[in-house]
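Below: the structure, in structure tokens.
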Amino acid sequence: MTHAHARRILALLALIPSGRVVSYGQLADLAGLPGRARLVGRVLRTEDTSTLPWHRVVGAGGRLSLPEGSDGWREQRERLLAEGVMLRGSRLDMKMYQWQPDLAAMLMLMDH
DNA sequence: CGCTTGACGGGAA
DNA sequence: CTTCCCGCCAAGC
């Protein structure tokens with residue numbers, strides 16, 4: 001059985017729209033786990049994210065966190081580019097692509 | 001059991 | 001830009 005924290009993180013991950021990204025720390029905050037950015041990274045590495053948009057999670061500074069040149073890095077890069085997110089190497093503009101959850105999205109979350 | 005790691009983050013130098 | 005450093009803490013070893 002997966003940890004409750006992991007379930008919340010994965011549930012939120014599924015809500016991130018195509019073409020938009022969130023930072024590890026932002027996802028932790030949304031999950032009610034401030035200061036737990038590393039937990040988000042671990043969950044993404046540990047849990048099965050095959051059916052989820054894991055590629056929409058990037059470092060707070062707009063940098064891909066996977067080792068540059070690795071398979072995962074290439075995969076994330078390709079997926080983002082396919083969604084229209086422009087990247088220069090491992091960098092992208094957070095001002096341009098960071099997801100800001102709207103009221104409707106927040107209400108969805110409260111409606112268990 | 002204590003010590004190290006790590007898909008993090010922010011600040012200082 | 002690049003280190004360092006510290007806070008964070010579950011997993012590995």
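Reckoned from all heavy atoms, side chains included, excluding hydrogens, waters and symmetry mates. We name chains A, B, ... by the order of the sequence lines, and we start the count at 1 in each one.
- Remark: the backbone N or O of A:Gly61 is paired with a side-chain donor or acceptor of A:Arg91 at under 3.5 angstrom.
- Listed by chain and number, the residues in a salt bridge (Lys or Arg N to Asp or Glu O under 4.0 Å) with A:Glu75 are A:Arg79 (sequence neighbours excluded).
- A:Leu44 has its CG atom 15 Å from the C1' atom of C:dA10, to the nearest Å.
- Rounded to an integer number of Å, the gap from CZ of A:Arg7 to P of C:dA10 is 16 Å.
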Restricting both atoms to N or O, compile the protein contacts to nucleotides 4-8 of chain C shorter than 3.5 Å, with distance only.
residue, atom, partner, partner atom, Å
C:dG7, O6, A:Arg38, NH1, 3.2

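- Listed candidates were C:dA10, B:dG9, B:dA7. Nearest to the side chain of A:Arg42 is C:dA10.
- Atom pair A:Arg45:CZ and C:dA11:P shows a separation of 10 Å (rounding to whole Å applied).
- The backbone N or O of A:Trp73 sits less than 3.5 Å from a side-chain atom of A:Ser70, completing a donor-acceptor pair.
- For the pair A:Tyr24 OH and C:dC9 C1', the interatomic distance rounds to 17 Å; values are reported in whole Å.
- Pairs passing the ring-ring contact (aromatic ring centres under 6.0 Å, His included) check and including a residue from residues 4-48 of chain A, sequence neighbours excluded, read A:His3-A:His5.
- A donor-acceptor pair is defined here as one N or O able to donate and one able to accept, closer than 3.5 Å; no such pair exists between the side chain of A:Arg36 and the backbone of A:Asp29.
- Residues of residues 58-79 of chain A having a heavy atom closer than 4.0 Å to DNA chain B, listed by number: A:Gly59, A:Ala60, A:Ser65, A:Leu66.
- With rounding to the nearest 0.5 Å, the separation of CG in A:Leu30 from CG in A:Leu15 is 9.5 Å.
- Phosphate proximity of B:dG9 to A:Ser23: present, with a side-chain N or O under 4.0 Å from OP1 or OP2.
- In this structure A:His55 satisfies the ring pair (Phe, Tyr, Trp, His ring centres under 6.0 Å) test with no other residue, sequence neighbours excluded.
- Residues meeting the salt bridge (Lys or Arg N to Asp or Glu O under 4.0 Å) test with A:Asp71, sequence neighbours left out: A:Arg74.
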